[in-house]
Amino acid sequence: MVFYTCGPNEAMVVSGFCRSPPVMIAGGRVFVLPCIQQIQRISLNTLTLNVKSEKVYTRHGVPISVTGIAQVKIQGQNKEMLAAACQMFLGKTENEVAQISLETLEGHQRAIMAHMTVEEIYKDRQKFSEQVFKVASSDLVNMGISVVSYTLKDIHDDQDYLHSLGKARTAQVQKDARIGEAVAKRDAGIKEAAALQEKVSAQYINEIEMAKAQRDFELKKATYDLEVNSRKAESDLAYQLQVAKTKQKIEEQKVQVQVVERAQQIQLQDQEIMRKEKELEAKVKKPAEAERYRLEKLAEAERMKLITEAEAEAEAIRVKGEAQAYAIEVRARADAEQMEKKAEAFQQYQEAAVVDMLLEKLPEVVEEISKPLTKVKKIKMVSSGGSEVGAAKITGEVLDILNRLPETVEKLTALTSIRSVVPISQLL
């Protein structure tokens with residue numbers, strides 16, 4: 001068994017044992033059994049054909065020569081066309097295939113030329129090319145060949161028919177060119193004047209529009225500046241407000257932090273107080289309570305002692321008070337008896353007894369009257385020039401008071417014999 005391959009520009013046809021119908025492979029590989037199977041190759045290359053049709057009479061009997069360029073190839077992708085091509089060209093060379101295709105194209109080209117005029121071929125080459133391509137393709141497809149492209153390359157004749165057509169056309173073109181040039185110059189002048197006018201008008205309009213644009217620009221700029229300044233002022237105020245808010249928030253955060261710190265400090269202080277309280281309770285309170293308990297017991301004992309002593313003292317005072325009361329009672333009885341005796345004496349002697357009592361008390365009265373003078377450290381005397389001055393004046397006034405004393409007593413007691421009984425010298 002032999003393994004064969006081919007490129008994309010050719011096809012292989014395997015026939016023989018177990019190959020009915022033959023197998024066609026375009027650009028691939030195949031196994032072939034020698035002696036009982038046969039392999040053949042066919043080219044799929046594109047062929048360029050120079051299609052010449054010499055001195056072909058057109059529809060009006062004018063002989064012309066036409067040269068066209070065509071590209072044809074055996075279609076390998078279409079199995080039916082490849083099969084048709086294999087039936088017709090298998091075993092032939094590329095030149096033989098090209099010659100058959102060329103003769104077919106040339107025949108169709110001549111037929112199309114015979115049905116058209118020189119002017120139609122000359123003026124509408126695209127139409128001629130399309131007709132040749134269309135008619136030739138229908139026949140070549142049946143042979144497995146596709147026309148890739150067809151282009152009309154050249155048209156010429158030996159009778160200068162085309163040259164004459166060119167002269168007339170050239171003259172017409174030249175005439176049209178001169179007329180067109182004159183018209184163009186005229187139109188150019190008119191258009192130039194109009195253009196100048198339009199230019200001046202456009203210039204004025206442009207200047208007016210520029211002035212308007214400048215005015216609009218200034219107005220809009222003023223409006224935009226006002227808006228920008230307003231927005232800027234608002235932005236500045238908003239920024240300041242935001243700064244103030246931010247500062248306020250910062251201060252609030254600081255206050256919150258301080259509150260938290262203070263709370264923590266208070267908590268720490270509370271813990272410290274609790275610790276100190278516990279420490280104080282352990283070191284001071286417990287010993288103090290023990291000491292208080294000891295002092296309370298001592299105070300209770302002292303109180304009981306004092307109560308006992310006070311009760312004893314009260315009993316002694318009571319006994320003493322009873323004794324004093326008895327003594328007072330005895331004394332009062334003696335005084336009462338004495339007073340009773342005095343009363344009996346007063347009743348018996350009447351005025352003489354009263355006088356005697358007054359005489360006993362008058363020295364004390366005199367002492368009380370003169371007593372303020374004993375406490376005086378310094379006396380300033382002011383004289384008007386008509387009486388005594390100095391110690392004699394003071395003693396005289398004291399004596400004057402004493403001289404009036406018996407009279408005062410008489411008025412108080414209604415006794416009339418006081419001044420005769422009590423001389424002043426006796427009081428002094």
Exercise. Are Thr46 and Val72 close enough, and set up right, to give a side-chain contact (heavy atoms from CB on, under 4.5 Å), and what steps lead you there?
Worked result: CA-CA 6 Å; Thr46 300; Val72 298; over 6 Å; no

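- In this structure, Gln271 places its CD atom where more than 12 heavy-atom neighbours from other residues, nucleotides or ligands lie under 6.0 Å away.
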Tabulate below the donor-acceptor pairs under 3.5 Å that side-chain atoms of residues 89-102 make, not counting sequence neighbours, or state none.
{"unit_1": "Thr93", "atom_1": "OG1", "unit_2": "Glu96", "atom_2": "N", "d": "3.4"}
{"unit_1": "Glu94", "atom_1": "OE2", "unit_2": "Ser43", "atom_2": "OG", "d": "2.5"}
{"unit_1": "Glu94", "atom_1": "OE2", "unit_2": "Asn45", "atom_2": "ND2", "d": "2.8"}
{"unit_1": "Glu96", "atom_1": "OE1", "unit_2": "Thr93", "atom_2": "N", "d": "3.1"}
{"unit_1": "Gln99", "atom_1": "NE2", "unit_2": "Glu103", "atom_2": "OE2", "d": "3.1"}
{"unit_1": "Ser101", "atom_1": "OG", "unit_2": "Val97", "atom_2": "O", "d": "3.0"}

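- Taking every heavy atom of both residues into account, Leu44 and Ala26 meet most closely at CD1-CB, 4.2 Å.
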For this session: Kindly indicate, with the supporting measurements, whether the criterion side-chain contact (heavy atoms from CB on, under 4.5 Å) is fulfilled by Lys73 and Val148.
Result: CA-CA 7 Å; Lys73 70 184 297 292; Val148 179; 4.1 Å; yes

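- In this structure Phe133 satisfies the side chain to side chain contact (heavy atoms under 4.5 Å, CB included) test together with Ser137, Val147, Tyr150, sequence neighbours excluded.
- Taken from CG in Leu152 to NZ in Lys127, the straight-line distance is 14.0 Å, to the nearest 0.5 Å.
- Sparse packing is recorded around CD of Gln77, with 12 or fewer heavy atoms of other residues, nucleotides or ligands lying under 6.0 Å away.
- Note: Glu227 CD to Lys221 NZ = 14.0 Å, rounded to the nearest 0.5 Å.
- Shown here are the side chain to side chain contact (heavy atoms under 4.5 Å, CB included) partners of Thr67, two or more places apart in sequence or in another chain: Asn50, Lys52, Lys153, Asp154.
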For this session: Begin with the C-alpha distance, continue with both residues' side-chain angles, and end with the deciding distance and a verdict on side-chain contact (heavy atoms from CB on, under 4.5 Å) for Met143 and Met81.
Result: CA-CA 7 Å; Met143 293 186 291; Met81 293 180 66; over 6 Å; no

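- Between the CE atom in Met88 and the CG atom in Asn142 there is a gap of 9.0 Å [rounded to 0.5 Å].
- Residue Glu80 places its CD atom among 12 or fewer non-hydrogen atoms of other residues, nucleotides or ligands, all under 6.0 Å distant.
- Defined by atom type and a distance below 3.5 Å, a donor-acceptor pair is missing between the side-chain atoms of Glu106 and Ser53.
- With a 6.0 Å radius and a threshold of 12 heavy atoms from other residues, nucleotides or ligands, Glu192 has its CD atom at or below the threshold.
- With contacts defined as side-chain heavy-atom distances shorter than 4.5 Å, the pair His108/Gln131 does not qualify.
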For residues 210-219, dump all side-chain donor-acceptor pairs below 3.5 Å to protein atoms at least two apart in sequence or in another chain.
{"unit_1": "Gln214", "atom_1": "NE2", "unit_2": "Glu218", "atom_2": "OE2", "d": "2.9"}

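- Looking at heavy atoms from C-beta onward, Lys305 lies out of side-chain contact with Thr308 at the 4.5 angstrom threshold.
- Atom CD in Gln242 sits 11.0 Å away from atom CD in Gln248 (nearest 0.5 Å).
- Not a single side chain to side chain contact (heavy atoms under 4.5 Å, CB included) links Lys249 to another residue, sequence neighbours left out.
- Within the model, atoms CD1 of Ile42 and CD1 of Ile74 stand 3.5 Å from one another, a figure rounded to the nearest 0.5 Å.
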For this session: Given side-chain contact (heavy atoms from CB on, under 4.5 Å), test Ile145 with Gln75 step by step and report yes or no.
Result: CA-CA 6 Å; Ile145 298 174; Gln75 186 59 257; over 6 Å; no

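- Arg125 and Ile155 get closest at one heavy-atom pair: NE-CD1, 4.0 Å.
- Put simply, the side chain of Val243 reaches to within 4.5 Å of the side chain of Lys247, judged on heavy atoms.
- Taking CG of Leu105 as the reference point, atom CG of Asp139 lies at 9.5 Å (rounded to 0.5 Å).
- With sequence neighbours left out, the side chain to side chain contact (heavy atoms under 4.5 Å, CB included) criterion links Thr151 to no other residue.
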